[in-house]
Amino acid sequence: ANPGYFIGIDDKNKCILLCIRGTETIGDTLTDLDAHVANKPFGYDDEDESSEHNYNCHHGMYDSAMSIYNDVTFKIKELSAKREYKDYKILITGHSLGAGVCSMLGL
């Protein structure tokens with residue numbers, strides 16, 4: 001299950017925001033409980049973007065991060081391509097479960 005999230009625009013600070021909610025639903029609780037360590041591929045080397053790295057991580061948060069990544073990547077790229085948002089930074093933030101998920105998305 002994906003924790004709830006929203007995409008917003010902060011014109012004052014020139015940011016496109018991805019905010020991910022903490023645990024609220026039964027599905028979120030199940031994601032929290034899917035806590036076994038999994039060796040998963042994510043993150044890229046700055047010098048070789050094609051090289052994947054595997055890391056040990058929280059399985060449930062990894063699955064949520066990858067699902068949200070697939071849901072929002074196009075939307076955020078579409079927003080950042082608009083002329084009025086070209087110089088905006090992307091800020092990802094979250095609370096509790098959302099913080100763990102956004103940490104993985106930041107990699």
What are the two closest non-hydrogen atoms of [X] and [Y], and how far apart are they?
X: G22; Y: D28; answer: O-OD2, 3.7 Å
X: G94; Y: C102; answer: N-SG, 3.7 Å
X: Y5; Y: K75; answer: OH-NZ, 3.8 Å
X: H59; Y: A38; answer: CD2-CB, 3.7 Å
X: A65; Y: L105; answer: O-CD2, 3.3 Å

Is there a side-chain contact between [X] and [Y] (heavy atoms, below 4.5 Å)?
X: H95; Y: I20; result: no
X: L18; Y: T93; result: no
X: K40; Y: Y55; result: no
X: L97; Y: M61; result: yes
X: I9; Y: Y88; result: yes
X: D71; Y: N2; result: yes
X: I68; Y: V101; result: yes
X: S80; Y: Y85; result: no

Would the distance check show the side chain of [X] and the main-chain N or O of [Y] forming a donor-acceptor pair, the cut-off being under 3.5 Å?
X: H58; Y: D32; answer: yes
X: D10; Y: K12; answer: yes
X: D34; Y: L30; answer: no

Enter the distance from T23:OG1 to R21:CZ here, rounded to the nearest 0.5 Å.
8.0 Å
Nearest-0.5 Å distance that lies between atom NZ in K77 and atom CG in L79
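The NZ atom of K77 sits 13.0 Å away from the CG atom of L79.
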Against I76, only a single residue in L17, I7, I92 fulfils side chain to side chain contact (heavy atoms under 4.5 Å, CB included); can you say which?
I7
Connected via hydrophobic side-chain network under 4.5 Å: M104 and V72:
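M104 and V72: one cluster.
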Residues, nucleotides or ligands: over 12 heavy atoms within 6.0 Å of I26 CD1
no
